[in-house]
Structures are given as C-alpha cells and as structure tokens.
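A note on names: the letters A, B, ... follow the listed sequences, proteins ahead of strands, and every chain is numbered from 1.
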Amino acid sequence: MKKYLHTLFTHAIATLQTKGDIPQDIAVNIHLERTRDTQHGDFACNVAMVLAKSAHKRPHDLATSIVEQLPNEDDFIAKIEIAGPGFINIFLKPNTFYAVINEILTAKDTYGQSQIGAEQSVMIEFVSANPTGPLHVGHGRGAALGAVLANLLIVAGYKVYKEYYVNDAGRQMDILATSVWLRYLELCGEILTFPVNGYKGDYVWDIAASLHREQDDALQHSATTVFENIPPDADEQGGNEDIHIDALIERCQQLLGEKSFQHLFQKGLETIREDIRHDLEQFGVVYDEWFSESSLSTNHRVNKVVEQLKAGGHTYKQNGALWFCSSVFGDEKDRVLIRENGQFTYFASDIAYHVNKLERGFDHLIDIWGADHHGYITRVKAAITALGAEENRLTVLSVQFATLYRGQEKLQMSTRSGEFVTLRELREEVGRDAARFFYLQHKSEQHLNFDLELAKSRSIDNPVYYIQYAHARINSVFRQLHDKNQTWHHDKTILTQLNTDHEQTLLITLSRYPEIIEMAAQAYEVHQLTYYLRKLAQDFHTFYDVHKILVEDNGLRNARLSLIAAVQQVLRNGLTIIGVSTPEVM
RNA sequence: GCCCUGAUAGCUCAGCAGGAUAGAGCAUCCCCCUCCUAAGGGGAAGGCCAGAGGUUCGAAUCCUCUUCAGGGCGCCA
C-alpha cells in the first residue's frame, strides 16, 4: 500500500516538475508515514512542506497543486485532505484493509517476505568468544542478535551465511592449556599455588579430570620441578602475574614437549569449543561455519596480507616492529602488525580474516562485536580500505554488554576468575524463549541493565508470554469451534462485517507487518520486530476482551475467525524470526 | 587528556532520514470473570525529553557547548 502511494506521489511531483511548479534540479525525497491519529487519515505526507522552500511557494499552496495531480478517489483511496501547515493526509477505503486478511491467509508463512535484499549475500559473524571458557550472559546478547538478524535478513530477501571466528591461537589459549595442566598435576597429587592469571573456572577441573582419566600420571612432573626458578606471581613480593604465567607456559611446553603440549592444547580447545557449540545450539543458534584463526597462519594468509600492505606502501618499520599507517585512513594512530619479537599481532590476523571473508565473495559483511571492541572498528576498516576494498562492505554492529544485577548487587564478570553467570544457567532458569526475547527487546547499542533475581523469579512477567498467550488464545478459540462441531469458512466477501474500531485497528496493525520487516532489516534493528509483536498481541487482547468470536451469526463468526487466523499467522511468522516458540496451549 | 556510546514517567525502555497532543511495560491507585484461557481487558496518576544556546514554519529528533554515566585509548586477545 505504502509503495502504491509512493508511486502516485512520485508521478504527481514529476508532473509538477515538468510544468515548472517545482524546480527540476532538486532531489525529491518522498516520505510517507503512518499517522498516529486517525483524524489525520491513514497515511500522511509532508513533501509539500519539505519542498516549499526550494519551490519558493507556500507549503499549503504547494500541497494543493500536488493533490490536484493525485487521483481524488480510486480503488484504495477514499479521500485526500490538506491539513495543518501542509500535511497531505490520505484516507483509505475500508476495503483496502480487509484485503490484508486475504493476503495473509494466502501467503501464510511467506507473508511479510520482501525482496529488498535482492538475493545479495551477507555474512554475519557473531559471538566469536575466545574458546577459553563457557559463554556467559554477556555473549547471549550477541548470539541472539546475530541469529535473529540472520533470520530477518533471509525474510527480507538476502542470502545469509553465519560464521563463528574461533580464536584458537595466541597467548590466551596457551594460558588455558597451562591452567589445565596445573589442575591435572593437582589431581595427580601435587601441591601447588595456582597462578593469579590462570583460568580458575570449574570447567578447567573437568578438562583436567578427563585428561587424568585418559593419561593417568603420564604427564606428571613434580611441583618443585614445575615451579623451579619461576618468577614470583602478583600476590608474592615483587611479583608480576604476566611474567609469572608466561614463564609457566614456557616451562609447561619444555617439560611436556611439543607433541604432548599440543595434545593438551587441542583437548582444551576442542572441549570448550564443542561446549560452546552445544550451548549455542540449545539456545537455537546454529552456524554455517566455525572458522579457525590458526588456519589463517597455517595457510600463510596473515603473511600474505602483511606483504600486500607492505607492497602498497602502507607500512613502515620502527623500533624493530612493523607498523601499519592506519592513521592515514582515519584511525587515531598507527598500529603494529609484526611485533619486535617477530610475531604477528592479533590485529594482523584479523585483517587477514576480513580479507578472507571478502575474497569468499560476500556482498556484505556484518560483524557483531561487544562494546569493548569498539576502538577496533576504524583500524579494521582502515586496513580493508588500504587493501582496496570498499569500506562500506563491512558493517560493525556494537552490542553493549548487559550489566547484571543480583538484587542491588552489581555483578562483576570475569572469565578468568570463573565468577560469572553462564548463558546455560540463564537459559535453564529463565527459559530459552524468555531469554531470547529479553535480549532482543531493546536496541543493541543501548546499555542494558537487568536484575537476575527479577528475570528468574518473575519470569512470568516477561512480555514474551504476553505475545505467546495471544497465539495460544487463538488456538483455543479454534479448539472451541471444533468442540462445538462448527467450521470456519474464509469468505472475503463478508469481511466488511469487521467494522468496529478494534477490528479496524487490528487490520491496520496487520498491514504494517511487511513495512516493519523491511525497516528492521534495513536498519539491522531487531527490536523493531519485538515491539511490533507486542503491539499486535495487545491489539488482539483488547479486541478479544470486547468482542466474542464464536457468535451465532455465521457471517460475523466467519469474518472474525478469518481475522484472528490472520493475527495468529503474523504472530507465528514474527515469533519464528526471533526464534521464540509458538505454544498452542499455555 | 583524547575518542566512542548514552541521558526520555518512580524503574526498564520505545520514539530520533525534523512533523500535528511525547508512547509502552513494570510499580502505584480504581474498575471488569453467570461470557471463546484474568498469563487478559478498561481507566487514573505519573514528563521543563539532563542543562544552555543555535538552525527551522516546526526540534525529544539536527549542530555547538556544559554536566553526569558506561566503555575504549598496549608490540593483550
């Protein structure tokens, strides 16, 4: 409908431009919007006021000329009015709204699908948490957003590929491997002081225990040997946690040898990665690919990208390190690619990763990052620009971390200390539907506070139930219908009986669904859909409370059944996108 | 210090390619089950849209400054 009106306006303005009433050389951006007040019709257009200045006319006069170029009345339009300073208000015929029921009942699951994506391919990379421990509630938000954005974009006509970038290289993983080994030694009976910087979560014990079952005491070394001449830890006098742990990593590698260390390393990595994968699956999040960071260096891709940057003249050497002139591309300062010790930085492999994604031919890349990686955006964009790719092929969405409260107490989360609420705990206590909906309720850049006590103990108050309840209620009506041995015939000629305000409101809300999908997809804003579904459920509950559906009158009953069937279909389509179940009974 | 985010009802948040009277949900206070699920509905109350300037016919929305809050500013990942 909106599209139809848009065409009419475009024509009208073009005609006025050829007539010379509006200058030819100005860009015309026609913006139609739903009115808030039914007194203003169904759609309003402010184009007359916007163009008034450049056309050197009074808004009201211009509006009059535009309206003259529009059909006064047609199959859809009942009347057009000029109001206020120059709004053009369009009143639609009731039939226009009844048509939406047919449309929904015919299209079923495909109602709301759009072609704005035009089959373009999009790769969404999200979560990508280091495999050094289980996912916590902070990761849940990115997981929910990524998975649902993917669904939304598919509905909007994009081809979507979902990927998890596994940081399976680097010091953090070495620390994990070493932590596992130390726990293993404790299981072998060694008495030692666990490093401040080691991973202390229970899952480390689990991996160590599994290692112990598998290897028995084969990897055991005495604590005295292990800690001999190791620099002091942070909690000792003159100690430093980083120097301490690095020395321990090196000792671990020495004592175990390359092969055993790798075995230990892989065991830790795989256990945790599979745990993450399983956890996400339970949360309804599935990936097309788990991309390994280390595969980049194995295939010399990092090296290649750095060479390309060098060849392009974007690098220089300073203090023994190789720098990338990212400041030339808008970054606040230059960044190191190869450290003085000859190792690539994380940044270097991240460039290689993004180049690799681009090479795989995706039209568009979306990265969903936590707010703590915000400063990273400019430098990655700088790098891909330097390598000749268009900067806007990459979109980075920042997700603010949720600040957790337990009652009044603010929780500090740290993977290393092992003190955090896991995504699994949240899911088990709050439930998958509620947890997902909770994450998606708000704009992702918005800080999110939530009290775990509240979310867990009063989960019944979660708005997701309100929406699901609408779905279940509709099911219930159809069950009653069946129990009464009555049947439902959808007949589009009787829909005119849906003439109350409540029914009209519902029809309007239903017809907005495709617009919401397009808007949400274009803005990458999933929360628009959750707000919409809430509004639809609300309109339904209001209607349901006032009007009986299973009335004696056959025509009215059938019309109302068609209406609620359409409502249920849209609820189902929307809930499916956000990955929330559609219960038949509650 | 510099750079991002944000600041809207008591609380949690929508609204922000400028539009007509700023909206929801919780919480508070009234009212509604002889009737398809009350996990529901109706109503009341609640606001100087952080503050100050500016642009405009018109600003919660755009620009500048100030204040406050969160985050980022490593040859960490």
Item to complete: With the side chain of A:R339 defined as its heavy atoms from C-beta on, choose the nearest nucleotide among B:C36, B:C75, B:G42.
Response: B:C75
Practice prompt. Scan A:M173 against the nucleic acid and name what it touches under 4.0 Å (heavy atoms): base, sugar-phosphate only, or nothing.
Written response: nothing
Response to the item:
A:R473 has its side chain closest, among B:G41, B:U37, B:G19, to B:U37
Worksheet item: How is A:H373 classified with respect to the nucleic acid when contacts are heavy atoms under 4.0 Å: base, sugar-phosphate, or nothing?
Response: base
Fill in: Interatomic distance at C1', B:C3 relative to B:A59, whole Å
27 Å
Worksheet item: What is the distance from CG of A:N319 to P of B:G74, rounded to the nearest Å?
Response: 15 Å
Discussion item. At 4.0 Å (heavy atoms only), tell me whether A:H547 reaches a base, stays on the sugar-phosphate, or touches nothing.
Written reply: base
Item to complete: By nearest nucleotide on RNA chain B, pick out whichever of A:Q441 and A:Y466 is the more 5' one.
Response: A:Q441
Item to complete: Just do the ring-ring contact (aromatic ring centres under 6.0 Å, His included) check on A:H502 and A:Y544 with the steps written out, would you?
Response: CA-CA 9 Å; A:H502 293 128; A:Y544 178 92; over 10 Å; no
Worksheet item: What is the distance from NZ of A:K548 to P of B:U37, rounded to the nearest Å?
Response: 9 Å
Discussion item. Between B:C48 and B:C11, how far apart are the two P atoms, rounded to whole Å?
Written reply: 12 Å
Worksheet entry | Among B:A39, B:C76, B:C13, the nucleotide that comes nearest once only the side chain of A:Y469 is considered | B:A39
Worksheet entry | Length of the NZ-C1' vector between A:K333 and B:C73, whole Å | 6 Å
Discussion item. From CZ of A:F438 over to P of B:A14, roughly how many Å is that when rounded to an integer?
Written reply: 12 Å
Worksheet item: Is A:H541 touching bases, backbone alone, or none of the nucleic acid, heavy atoms closer than 4.0 Å?
Response: sugar-phosphate
Discussion item. Using a heavy-atom cut-off of 4.0 Å across all strands, would you classify A:Q318 as base, sugar-phosphate, or nothing?
Written reply: base
Worksheet item: To the side chain of A:E332, which of B:C36, B:A77, B:C73 is closest?
Response: B:C73
Item to complete: Round to a whole Å and report the spacing from CG of A:N167 to P of B:A77.
Response: 10 Å
Worksheet item: Taking atom P of B:G19 as reference, at what distance in whole Å does atom NE2 of A:H31 sit?
Response: 7 Å
Practice prompt. Indicate yes or no: at least one non-hydrogen side-chain atom of A:T132 is less than 4.5 angstrom from one of A:I175.
Written response: no
Worksheet item: Considering only the P atoms, how many Å lie between B:G10 and B:C49, rounded to the nearest integer?
Response: 12 Å
Practice prompt. Look at A:S398 and B:C4 and indicate whether a side-chain polar atom (N or O) is within less than 4.0 Å of OP1 or OP2.
Written response: no
Practice prompt. Mind checking A:Q538 for me? I need base, sugar-phosphate or nothing, with any heavy atom below 4.0 Å counting as a touch.
Written response: sugar-phosphate
Worksheet item: Should the ring pair A:H527 and A:Y531 be called parallel, tilted or perpendicular, given that the plane angle runs from 0 to 90° and is split at 30 and 60?
Response: perpendicular
Discussion item. Checking base pairs now: Watson-Crick or wobble, both atom distances under 3.5 Å. What partners B:U37?
Written reply: none
Worksheet entry | Touch class at under 4.0 angstrom, heavy-atom based, for A:A472 against every strand present | base
Worksheet item: With a 4.0 Å cut-off on heavy atoms, is A:F478 in touch with a base, just the backbone sugar-phosphate, or nothing at all?
Response: nothing
Discussion item. ring-ring contact (aromatic ring centres under 6.0 Å, His included), that's the test. Do A:F291 and A:Y353 meet it? Break it down for me.
Written reply: CA-CA 9 Å; A:F291 191 93; A:Y353 177 48; 5.0 Å; yes
Worksheet item: Of the nucleotides B:C76, B:C75, B:G42, which has the atom closest to the A:E340 side chain?
Response: B:C75
Worksheet entry | Residue A:V336, side-chain atoms from C-beta onward, closest of B:C75, B:G19, B:A24 | B:C75
Fill in: Pairwise C1' distance, B:C62 and B:A24 [rounded to whole Å]
26 Å
Discussion item. Under 4.0 Å, heavy atoms only, any strand: does A:S476 hit a base, just the sugar-phosphate, or nothing?
Written reply: base
Item to complete: Could you check whether A:K443 gets within reach of a base, just the sugar-phosphate, or nothing at all, counting any heavy atom under 4.0 Å?
Response: base
Discussion item. Can you identify which nucleotide, out of B:U37, B:A14, B:A77, has its nearest atom closest to the A:V585 side chain?
Written reply: B:U37
Worksheet, complete the sentence: When both distances are under 3.5 Å in a Watson-Crick or G-U wobble arrangement, the nucleotide paired with B:G47 is none
Practice prompt. Please say which of A:Q497, A:K548, A:Q486 ends up in a side-chain contact (heavy atoms from CB on, under 4.5 Å) with A:R557.
Written response: A:Q486
Discussion item. I want to verify a distance call: between B:C75, B:G19, B:C76, whose nearest atom is closest to the A:N46 side chain?
Written reply: B:G19
Response to the item:
Across every strand shown, the nucleotide meeting Watson-Crick or G-U wobble geometry with B:A24 (both distances under 3.5 Å) is B:U12
Response to the item:
When A:D433, A:V570, A:L529, A:V580 are each screened for side-chain contact (heavy atoms from CB on, under 4.5 Å) with A:L575, the one that passes is A:V580
Worksheet item: With a non-hydrogen cut-off below 4.0 angstrom, is A:R335 in contact with a base, only sugar-phosphate, or nothing?
Response: nothing
Fill in: 4.5 Å side-chain heavy-atom contact, A:L498 and A:R560
yes
Fill in: Separation between the C1' atoms of B:G18 and B:G41, rounded to whole Å
36 Å
Worksheet item: Looking across every strand, which nucleic acid part, if any, lies under 4.0 Å from A:D168 by heavy atom: base, sugar-phosphate, or nothing?
Response: nothing
Worksheet item: Can you tell me if the side-chain N/O atoms of A:H527 get under 4.0 Å from OP1 or OP2 in B:G15?
Response: yes
Item to complete: Could you tell me whether A:V546 contacts a base, only the sugar-phosphate backbone, or nothing, with contacts defined as non-hydrogen atoms closer than 4.0 Å?
Response: nothing
Practice prompt. With A:R339 as the cation and A:F344 as the aromatic partner, state whether NZ or CZ is under 6.0 Å from the six-membered ring centre and within 45° of the axis.
Written response: no
Item to complete: Can you tell me the pairing partner of B:G53 across any strand shown, Watson-Crick or G-U wobble, with both distances under 3.5 angstrom?
Response: B:C63
Worksheet item: When the P atoms of B:U56 and B:U61 are considered, how many whole Å apart are they?
Response: 16 Å
Worksheet item: What's the base orientation of B:C33: syn (chi within 90° of 0) or anti?
Response: syn
Discussion item. Tell me which nucleotide, if any, is Watson-Crick or G-U wobble paired with B:C68 when both distances must be under 3.5 Å.
Written reply: B:G6
Practice prompt. Find the distance A:F87:CZ to B:G18:C1' and express it as a whole number of Å.
Written response: 10 Å
Worksheet item: Within the pair A:Q486 and B:C36, is there a side-chain N or O less than 4.0 Å away from OP1 or OP2?
Response: no
Worksheet item: Under 4.0 Å between a Lys/Arg side-chain N and an Asp/Glu carboxylate O for A:R171 and A:D242?
Response: yes
Item to complete: Determine the Euclidean distance between corresponding P atoms of B:U67 and B:A9; express it in Å to zero decimal places.
Response: 22 Å
Item to complete: Rounded to whole angstrom, note down the P distance from B:A39 over to B:C68.
Response: 48 Å
Worksheet item: So which one's nearest nucleotide on RNA chain B is more toward 5', A:P59 or A:N341?
Response: A:P59
Discussion item. Going by the glycosidic torsion and a 90 degree boundary from 0, is the base of B:A17 oriented syn or anti?
Written reply: syn
Discussion item. Can you identify which nucleotide, out of B:G25, B:C75, B:C36, has its nearest atom closest to the A:A321 side chain?
Written reply: B:C75
Discussion item. Do A:H31 and A:N46 make a side-chain contact, defined as non-hydrogen atoms from C-beta onward lying under 4.5 Å apart?
Written reply: yes
Worksheet item: Starting at CD of A:Q528 and ending at P of B:A24, how long is that distance when rounded to a whole Å?
Response: 18 Å
